[in-house]
Amino acid sequence: MVYLFDGSFEGALSAVYEMFYAKANPEKDMMCIRTLYQYDIFDQVVECHTSSEYAGKVTASIIETFGEEAFRRIGYAYLSEDEQFGTKLFRALKRAYRLGGNGLENFSDEAIMTLYKCYNAVARESHRMIGFIRFAELDKGIYYSQFEPTYDLLALVVPHFVDRLGDQLWVLHDTKRRKAAFYNKTDVHFSDLDPVEALYYSSREAQYQKMWQAYFEHIAIDERKDKRRHIHMMPKKYWQFLTEKNTK
Amino acid sequence: MDALKKLEILADAAKYDVSCSSSGSERKSVKGALGNAALPGICHSFAEDGRCISLLKILYTNKCLYDCAYCINRASNPDMQRAEFTPDEVVDLTISFYRRNYIEGLFLSSGVVRSPDYTMEQLLAVVKRLRERERFNGYIHLKGIPGADPKLIEQAGLYVDRMSINIELPTTKSLRLLAPEKNRNEMIAPMQMIKERIVENKSSIVRYKHTPAFVPAGQSTQLIVGATDEVDYKIIKISEALYNRMSLKRVYYSAYVPVGKNAIVSMNHTDALKREHRIYQADWLLRFYGFTADEILTKADPNLDMEMDPKCQWAVRNPHLFPMEVNKVSLLELLRVPGIGNVTARRIMAARRFGPVGFDALVKMGVVMKRAKYFVTCNGKYFGDIDLEPRKLRTLLIEPPKKGANQLKLFDLYPNVFNSGGGHSGLSI
Ligand code: SF4
């Protein structure tokens with residue numbers, strides 16, 4: 001049986017509700033995103049509707065049984081944009097409810113570990129991004145950052161920057177997903193935003209970029225150069241937006 | 001000389017300083033002001049030597065009156081280009097880098113220019129302006145200048161997160177030999193003072209809410225390894241004493257790198273790094289795994305085995321404690337099994353509540369079975385397939401030399417600290 005949902009977080013939770021209700025089989029049954037699903041003549045398909053009532057019930061039950069932290073992790077796992085997220089979620093929950101209480105921490109269980117890995121990948125990249133995000137000062141005193149994380153973590157990193165760069169105007173722009181967070185020294189708002197064609201930098205921006213690049217180059221110890229480790233810790237996929245890796 | 005040129009010179013001069021960790025302080029942001037300090041520490045970049053860049057690590061100046069033989073900035077080193085910042089230049093760099101999210105904060109050290117007091121005054125001016133004028137709340141790690149008026153060091157302590165006074169050399173004898181202008185007491189006395197002030201400050205924070213924090217992330221120090229002939233046992237014992245008696249947060253070790261001409265010790269570079277690496281692993285056992293120095297090494301067997309990590313060495317010496325049943329032993333015992341780290345031990349403890357943990361589950365939870373299999377049983381089953389005989393064990397556990405041995409992965413083997421909130425905690429050294 002294949003349960004189809006719309007790809008949203010609420011949709012996945014609603015489908016979980018329906019799957020539990022229908023006593024779906026965790027070994028065989030799957031949850032798939034409607035637009036990605038490739039029809040197979042042998043599949044039996046169930047169309048699930050996104051329902052805030054169902055999603056709310058599942059949320060409440062997860063929080064009540066496993067705690068808020070467990071629910072937060074499920075939210076992170078969703079942001080991994082893993083195509084199999086729905087199936088993984090259902091299988092992990094199915095196992096965890098049998099165990100109760102700390103069920104989602106039973107890492108020796110394959111289904112639970114599989115879901116945990118989605119969470120962990122997002123949590124790791126969020127932590128990484130908090131370091132790797134770079135701002136450049138535009139001519140109107142706005143600090144602008146462009147980045148393209150592997151996972152959809154814009155909303156996860158925003159609170160960190162609200163806290164840290166609370167006295168400056170900034171924009172965090174995920175150009176891969178074409179959306180941005182805008183901060184005006186009091187609130188943040190999110191909105192769709194296409195890649196910006198031309199950016200006008202403040203007069204001193206180039207100077208600070210040059211200094212940072214110089215610092216980056218000079219702080220490395222030549223005798224201990226270790227390209228492999230360098231790339232391992234700071235994978236190439238991030239270089240495009242790292243000021244220090246973009247010297248002309 | 002413009003700021004860019006100074007930055008190049010003074011970053012070069014600071015790069016051999018190993019401590020760059022920004023963790024350990026949780027400085028809350030203040031509304032309308034700039035910055036905070038995040039507890040797990042954040043790496044903003046990785047230099048081409050693979051090290052984490054977290055702080056803007058620079059010297060205030062590399063001009064120096066002293067002549068410490070192991071130091072690149074020593075007065076007698078003729079090939080050095082010298083530079084000196086002004087306090088405002090350092091402040092501006094810090095703030096501008098911070099606003100662009102290049103750094104977590106500042107790590108400022110200095111050569112001794114004019115006099116220890118004069119130098120300390122400049123450093124004090126930097127941190128004071130950052131905190132008071134710029135309302136900067138990011139992380140600051142400051143080096144205390146040995147020989148400076150303790151009052152200046154104490155004053156600076158009110159503005160910084162971490163302070164360190166470097167011990168540099170393990171014994172008075174080697175200090176006399178290589179850094180004749182410094183004396184042990186000039187290092188120990190301020191350390192003692194900082195320790196006492198931290199304790200005092202903690203209790204007054206409890207009593208009066210608005211007491212400013214004094215060195216909230218604690219103090220650290222640095223030891224140079226391999227410039228003189230101390231054995232590893234001696235070094236680990238000193239570190240243990242510094243942790244226990246001085247309540248230091250970290251001891252950093254730096255393999256002596258011959259700098260410039262008249263290298264004092266001609267040690268093979270790779271060996272020096274390997275030794276530094278092993279000492280870091282031993283230090284890790286002291287801090288996070290509940291080992292004592294005397295368990296790690298003994299007077300009779302005073303040096304770390306370069307071919308095996310210190311936990312394996314300990315296990316090989318204590319075969320009577322193994323194999324341990326992973327489903328029975330305590331967390332502290334699990335932590336003593338080679339191949340099981342902090343994160344995996346906690347996962348095992350969590351999983352055990354749901355029933356016995358088997359061999360495959362251990363693999364999935366991240367246990368390094370290559371090492372652990374000799375030391376554990378799962379539900380009574382043993383997978384090591386050998387008798388626990390020290391000599392045989394040793395041959396099995398020896399790490400094969402890595403390809404391109406001088407590309408030693410200094411940090412690969414450090415276990416990550418278990419961290420529940422924001423994902424993994426990048427270890428920054
Ligand atoms: S006092 Fe410090 S900077 Fe000066 S030579 Fe000694 S170690 Fe180097």
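Residue numbering restarts at 1 for every chain, and letters A, B, ... go by the order of the sequence lines.
- Between the B:R352 side chain and the B:V326 main chain, a donor and an acceptor come within less than 3.5 Å of each other.
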**OP:** Report the C-alpha distance between A:H230 and A:W239 in whole Å, list the side-chain angles of each, state the deciding distance to 0.1 Å, and finish with yes or no for ring pair (Phe, Tyr, Trp, His ring centres under 6.0 Å).
**Re:** CA-CA 12 Å; A:H230 171 64; A:W239 289 11; 5.6 Å; yes
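- Using the six-membered ring where Trp is involved, A:F9 and A:F85 have ring planes that are tilted, between 30° and 60° apart.
- Take B:K5 and apply the salt bridge (Lys or Arg N to Asp or Glu O under 4.0 Å) test, not counting sequence neighbours, and it matches B:E8.
- Remark: A:E64 CD is loosely packed, at most 12 non-hydrogen atoms of other residues, nucleotides or ligands lying under 6.0 Å away.
- For A:F161, the part lying under 4.5 angstrom from a heavy atom of chain B is the side chain only.
- Annotation: cation-pi geometry satisfied between A:K94 and A:F20 (NZ/CZ under 6.0 angstrom from ring centroid, within 45° of ring axis).
- Contacts with chain B were tallied for A:Q207, A:E205, A:K245; A:E205 has the most, counting heavy-atom pairs under 4.5 Å.
- Classification of A:K117 and A:D82 as a salt-bridged pair fails, no side-chain N sitting under 4.0 Å from a carboxylate O.
- Chain B forms more heavy-atom pairs under 4.5 Å with one residue of A:E137, A:M129, A:Q168 than with any other, namely A:Q168.
- A:D139 is linked by a salt bridge (Lys or Arg N to Asp or Glu O under 4.0 Å) to nothing, counting only residues two or more places apart in sequence or in another chain.
- Between A:F182 and A:H189, the gap from one ring centroid to the other is short of 6.0 Å.
- Contacts between residues 141-160 of chain A and chain B, defined by a heavy-atom separation under 4.5 Å, are made by A:Y143, A:H160.
- Here A:Y119 and A:Y76 bring their ring centres to under 6.0 angstrom of each other.
- Ring-centre distance between A:F71 and A:F66: not below the 6.0 Å cut-off.
- Taking chain A as the reference chain and counting heavy-atom pairs below 4.5 Å, the highest number among B:G358, B:A3, B:A361, B:A351 is found for B:A351.
- Contact annotation for A:E105: both backbone and side-chain heavy atoms come within less than 4.5 Å of a heavy atom of chain B.
- In this structure, the portions of B:L4 lying under 4.5 Å from any heavy atom of chain A include both its backbone and its side chain.
- Between chain A and the residues B:H44, B:K364, B:M365, the most heavy-atom pairs under 4.5 angstrom are made by B:H44.
- The interface of residues 88-97 of chain B with chain A, defined by heavy-atom distances below 4.5 Å, comprises B:D92, B:L93, B:S96, B:F97.
- Using a 4.5 Å cut-off between heavy atoms, A:M113 touches chain B through its side chain atoms alone.
- Only the side chain of B:R353 comes within contact range of chain A, with heavy atoms under 4.5 Å apart.
- Taking A:K185, A:R164, A:E217 one by one and counting their heavy-atom pairs under 4.5 Å with chain B, the maximum is reached by A:R164.
- The environment of A:E110 atom CD is sparse: at most 12 non-hydrogen atoms of other residues, nucleotides or ligands sit within 6.0 angstrom.
- The backbone N or O of B:N327 sits less than 3.5 Å from a side-chain atom of B:E325, completing a donor-acceptor pair.
- The local environment of NZ in B:K381 is sparse, with at most 12 non-hydrogen atoms from other residues, nucleotides or ligands closer than 6.0 Å.
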